[in-house]
Amino acid sequence: VQYERDLRYSDRYQNMYQERIVNGKRIGDPVEDDIQNEVLLHFGYDLTEENLLALRTTFSIYRNDDDVRNIAFWIGLNIMHDGVDIGSEIKNFKLYDLDSNKVMLNDIISKKTIIMAGSITWPPFRQSANAYKKFYEKYHNEVNIICLYIREAHVVYRSDDGTITGGWPVGYKEYEYEQHTSLKERIMMAKKFVDDYDWTIPTYVDNFDNDFDNEYGAWPDRVFLFDIDETGKKILKFKALLEDGGFREGPFTGQIECAL
């Protein structure tokens with residue numbers, strides 16, 4: 001596990017990540033396959049599907065072991081979860097606008113509301129930006145649509161000499177940021193996303209306790225539909241389906257259009 005982590009952090013493999021990115025999207029075989037093949041060879045194992053599966057199964061078996069989680073950042077930093085069930089009544093969490101004003105979730109959901117959650121360090125969220133802006137232009141007169149900036153997905157920490165010392169780097173060197181250490185930093189990163197992508201969707205940030213994310217499973221990015229039921233309760237009506245690792249084919253706009 002230590003050897004695999006060191007390979008993932010190495011310049012050689014970080015450069016390989018970068019080489020397999022064209023127009024912001026991954027091409028070719030996953031770099032992780034090359035890394036894990038090298039791990040097997042380093043420890044004297046043949047490159048067979050059985051041995052590769054055994055290596056990957058190790059992480060599943062020991063995913064709750066503190067030592068493994070601390071070394072295998074792709075396990076320890078993976079906080080993806082499904083969140084509460086469809087039909088759950090909302091909790092009135094604090095959110096913040098980009099001027100640092102507190103806004104309550106209950107006040108935002110005054111009618112049918114779509115919330116697009118994500119961060120600038122999650123590639124699929126960045127790559128969905130144009131699709132989301134077009135979706136907003138098409139539907140914002142019919143339904144309330146907002147963006148919620150949450151904690152970063154792929155943080156990176158480097159020493160003064162540029163060596164990677166922590167985080168979850170995946171080759172996008174122009175999007176290397178550390179995790180927010182304050183609400184002020186989160187708002188700053190949300191503003192950067194808005195500026196970089198000419199973002200037109202009203203944007204808020206999750207509070208620093210990550211209440212929305214913890215409740216609804218928003219990380220690394222997700223789209224939600226909230227509505228008011230026949231009894232007047234504000235409920236979660238739909239949450240986008242995730243694939244393993246949080247990836248999917250294209251933006252969530254197709255799923256949310258079906259839910260509307």
Side-chain angles (χ1 to χ4, degrees), residues 1-65 68-82 118-131 151-158 162-177 179 217-222 240-252 254-255:
V1 176
Q2 177 78 55
Y3 189 71
E4 177 168 344
R5 187 196 70 170
D6 292 345
L7 290 178
R8 286 182 182 234
Y9 280 173
S10 69
D11 288 342
R12 176 162 57 96
Y13 277 108
Q14 284 300 306
N15 289 336
M16 189 179 296
Y17 275 116
Q18 193 72 28
E19 291 165 0
R20 295 186 188 179
I21 299 168
V22 175
N23 296 326
K25 296 184 178 182
R26 293 286 179 84
I27 60 170
D29 294 330
V31 177
E32 291 80 8
D33 289 355
D34 296 82
I35 292 171
Q36 292 183 335
N37 285 337
E38 183 168 340
V39 171
L40 291 177
L41 291 174
H42 179 78
F43 289 100
Y45 292 95
D46 294 331
L47 296 183
T48 65
E49 288 295 326
E50 182 180 13
N51 286 339
L52 188 59
L53 179 60
L55 173 61
R56 291 172 176 170
T57 302
T58 300
F59 302 127
S60 300
I61 295 173
Y62 296 104
R63 67 178 301 111
N64 293 320
D65 181 277
V68 172
R69 290 181 66 83
N70 287 335
I71 297 171
F73 58 84
W74 57 98
I75 295 175
L77 296 179
N78 188 344
I79 55 173
M80 189 171 69
H81 67 286
D82 195 40
S119 72
I120 201 170
T121 56
W122 179 236
F125 187 66
R126 297 195 305 266
Q127 293 156 12
S128 299
N130 287 334
R151 58 187 134 187
E152 301 296 339
H154 282 293
V155 297
V156 181
Y157 299 88
R158 290 182 181 268
T163 302
I164 296 174
T165 58
W168 193 339
V170 287
Y172 292 89
K173 294 182 179 179
E174 67 274 32
Y175 292 104
E176 287 189 357
Y177 299 99
Q179 191 59 269
W219 188 95
D221 80 323
R222 210 168 188 183
L241 300 175
L242 298 174
E243 299 177 11
D244 289 343
F247 288 96
R248 74 274 182 181
E249 287 295 326
F252 287 125
Q255 290 190 38

Decide yes or no for Leu241 and Gln255: does some side-chain heavy atom of the first lie under 4.5 Å from some side-chain heavy atom of the second?
-> yes
Closest heavy-atom pair and its distance - Ala72, Val1 = CB-CG1, 3.7 Å
Answer with yes or no after comparing the ring centroid distance for Tyr3 and His42 against a 6.0 Å cut-off, counting only values under it.
-> yes
What is the minimum heavy-atom distance between Pro124 and Asp221, and which atoms define it?
-> C-OD2, 4.4 Å
Once you round to the nearest 0.5 Å, how far does OG1 of Thr58 lie from CD1 of Ile75?
-> 9.5 Å
In terms of the angle between their ring planes, are Phe73 and Tyr9 parallel, tilted or perpendicular, with boundaries placed at 30° and 60°?
-> parallel
Not counting sequence neighbours, which residues clear ring pair (Phe, Tyr, Trp, His ring centres under 6.0 Å) with Tyr157? List them please.
-> none
Contacts satisfying salt bridge (charged side-chain N to carboxylate O under 4.0 Å, His left out) that involve residues 48-58 (not counting sequence neighbours) are Asp33-Arg56
What is the distance from atom CD of Glu152 to atom OH of Tyr175, rounded to the nearest 0.5 Å?
-> 12.0 Å
So do Glu32 and Arg8 actually touch side chain to side chain, heavy atoms under 4.5 Å?
-> yes
Any side-chain heavy atom of Tyr172 sitting closer than 4.5 Å to one from Pro123?
-> yes
Could you please spell out the steps behind the side-chain contact (heavy atoms from CB on, under 4.5 Å) verdict for Arg158 and Thr163?
-> CA-CA 5 Å; Arg158 290 182 181 268; Thr163 302; over 6 Å; no
Distance col, row Gln179:CD vs His154:NE2, nearest 0.5 angstrom, shows 12.0 Å
Side chains of Phe59 and Arg69: closer than 4.5 Å at any heavy-atom pair?
-> no
For His81, enumerate each residue passing the ring pair (Phe, Tyr, Trp, His ring centres under 6.0 Å) test, keeping only those at least two apart in sequence or located in another chain.
-> none
Indicate whether any N or O donor in one side chain lies under 3.5 Å from an N or O acceptor in the other, for Asp6 and Gln2.
-> yes
If we only count heavy atoms from C-beta on, is the Trp122 to Val170 side-chain gap below 4.5 Å?
-> no
Residue that, paired with Gln36, satisfies side-chain contact (heavy atoms from CB on, under 4.5 Å) out of Leu55, Leu41, Leu47 | Leu55
Taking the side chain as every heavy atom from C-beta outward, state whether Thr121 and Trp168 have any pair of such atoms under 4.5 Å apart.
-> no
Does Asp34 come within less than 4.0 Å of Arg12, counting only side-chain N to carboxylate O?
-> no
Does any non-hydrogen side-chain atom of Ile27 lie less than 4.5 Å from one of Glu19?
-> no
Is any side-chain heavy atom of Leu52 closer than 4.5 Å to a side-chain heavy atom of Leu40?
-> yes
So OG of Ser10 and CG of Asn15: to nearest 0.5 Å the spacing works out to 8.5 Å
For Tyr177, enumerate each residue passing the ring pair (Phe, Tyr, Trp, His ring centres under 6.0 Å) test, keeping only those at least two apart in sequence or located in another chain.
-> none
Partners passing side chain to side chain contact (heavy atoms under 4.5 Å, CB included) against Val31 (at least two apart in sequence or in another chain) | Tyr13, Met16, Tyr17, Arg20, Ile35
Of all residues at least two apart in sequence or in a different chain, which pass the side chain to side chain contact (heavy atoms under 4.5 Å, CB included) check with Asp65?
-> Tyr62, Asp67, Val68
Ala153 and Ser119: which non-hydrogen atoms are nearest, and at how many Å?
-> N-OG, 3.4 Å
Does Thr48 use its side chain to pair, donor to acceptor, with the backbone of Asn51 at less than 3.5 Å?
-> yes
